[in-house]
Amino acid sequence: KLEALLSNNSPVQKIAIPSMEGIRLEEVNNISYCESDNYYTIIHLRSGEKIIVSKTLKEYDKMLSEDGFIRIHQKFLVKISEIKNYSKSDGGFVTLNNGTHLTVSRRKKDDLIKLLTT
């Protein structure tokens, strides 16, 4: 299942990201992870750029779940291909390809492990 998601040869998918200036079209593959900030979402791009959007993380979870993203915490939605490893220490966290550490909630841990090991 993971291999199918990672080797998806479908056309480049873009997502519309509303901002104060207008609408930015961003390739889904450029998104590393999304972070909740109350009623806002911070979209972290692979380039290191951050985009703050006035939509909830739940809305982005619905939009991106079919594009290889998994919710690992109430606060984080991560692109599966960006996960470098999972560590059980300190309550559980993932390390992304860029070195970022993100906490994995106890409720989401089993789903993540199942996805990574199948």
Side-chain angles (χ1 to χ4, degrees):
K1 186 174 180 180
L2 179 59
E3 282 181 18
L5 285 171
L6 295 177
S7 66
N8 187 356
N9 292 328
S10 62
V12 174
Q13 298 286 342
K14 289 192 176 189
I15 187 171
I17 302 172
S19 69
M20 297 282 282
E21 296 82 34
I23 297 174
R24 175 176 174 165
L25 294 175
E26 189 64 54
E27 291 182 17
V28 172
N29 288 338
N30 290 339
I31 299 172
S32 181
Y33 69 99
C34 300
E35 177 181 4
S36 173
D37 186 13
N38 292 317
Y39 296 103
Y40 294 89
T41 296
I42 304 168
I43 298 174
H44 295 262
L45 301 180
R46 293 172 70 199
S47 66
E49 183 182 357
K50 298 176 187 176
I51 305 168
I52 299 173
V53 187
S54 61
K55 286 188 175 186
T56 64
L57 188 60
K58 184 177 182 177
E59 292 176 77
Y60 282 100
D61 189 6
K62 288 178 186 175
M63 282 188 266
L64 297 170
S65 63
E66 297 293 319
D67 293 311
F69 283 78
I70 183 171
R71 190 83 177 254
I72 62 166
H73 191 277
Q74 181 180 1
K75 193 169 172 101
F76 300 116
L77 176 68
V78 180
K79 184 153 183 70
I80 297 164
S81 62
E82 288 294 310
I83 297 174
K84 186 174 183 177
N85 68 349
Y86 167 75
S87 175
K88 295 179 191 177
S89 63
D90 297 326
F93 65 90
V94 293
T95 303
L96 304 184
N97 292 329
N98 66 6
T100 301
H101 297 285
L102 302 176
T103 304
V104 177
S105 72
R106 283 183 265 154
R107 286 184 44 212
K108 303 290 185 179
K109 179 184 75 164
D110 291 339
D111 291 339
L112 176 65
I113 290 172
K114 185 177 179 181
L115 180 67
L116 294 176
T117 58
T118 55

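Please read these numbers as outputs of a predicted model, since none were measured by experiment.
If you chain together hydrophobic residues whose side chains sit under 4.5 Å apart, Leu115 and Ile72 fall into the same group. Note on Leu102 and Phe93: separate hydrophobic clusters, where clusters join Ile, Leu, Val, Met, Phe, Trp and Tyr whose side-chain heavy atoms are under 4.5 Å apart, directly or indirectly.
Closest approach of Asp67 to Lys79, counting heavy atoms only: O-NZ, 3.1 Å. Between Tyr86 and Gly92, the shortest heavy-atom distance links the atoms OH-CA, 3.9 Å. The two residues Leu45 and Ile31 come nearest to each other via the heavy atoms CD2-CG1, 4.0 Å. Heavy atoms only, all atoms of each residue included: His73 and Arg71 are closest at O-NE, 3.1 Å. Taking every heavy atom of both residues into account, Ser32 and Asn98 meet most closely at OG-ND2, 4.3 Å.
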Practice problem: Assess whether side chain to side chain contact (heavy atoms under 4.5 Å, CB included) is satisfied between Tyr33 and Thr100, documenting all intermediate values. | Solution: CA-CA 10 Å; Tyr33 69 99; Thr100 301; 3.7 Å; yes
Quiz item: Would Ile15 and Ile43 count as a side chain to side chain contact (heavy atoms under 4.5 Å, CB included) if you check the C-alpha gap in whole Å, the side-chain angles of each, and the deciding distance to 0.1 Å?
Solution: CA-CA 11 Å; Ile15 187 171; Ile43 298 174; 6.0 Å; no
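A distance of 7.0 Å separates CG of Asn97 from NZ of Lys84, quoted to the nearest 0.5 Å. Taking CG of Asn85 as the start and CG of Leu96 as the end, the distance is 9.5 Å to the nearest 0.5 Å. To the nearest 0.5 angstrom, Lys75 atom NZ is 9.5 Å from Thr103 atom OG1. A distance of 9.0 Å separates SG of Cys34 from CG of Asp61, quoted to the nearest 0.5 Å. The NZ atom of Lys114 sits 12.5 Å away from atom CG of Leu112, with the distance rounded to the nearest 0.5 Å.
Here Ile42 is tied into one hydrophobic group with Tyr40, Ile52, each link being a pair of ILVMFWY side chains closer than 4.5 Å.
No side-chain heavy atom of Ile70 sits less than 4.5 Å from a side-chain heavy atom of Leu77.
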Show which side-chain atoms of residues 104-111 pair as donor or acceptor with protein atoms under 3.5 Å away, not counting sequence neighbours.
{"residue": "Ser105", "atom": "OG", "partner": "Lys108", "partner atom": "N", "Å": "3.2"}

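Pairs of residues two or more places apart, or lying in two chains, that qualify as side chain to side chain donor-acceptor pair (under 3.5 Å) and include a residue from residues 48-59 are Arg24-Glu49, Thr56-Glu59.
In Leu25, the CG atom is crowded: over 12 heavy atoms of neighbouring residues, nucleotides or ligands sit closer than 6.0 Å.
Judged purely by atom type and a 3.5 angstrom limit, Thr41 uses its side chain to pair as donor or acceptor with the backbone of Leu57. Put simply, the side chain of Asn30 never gets that close to the backbone of Lys14: no donor and acceptor are under 3.5 Å apart.
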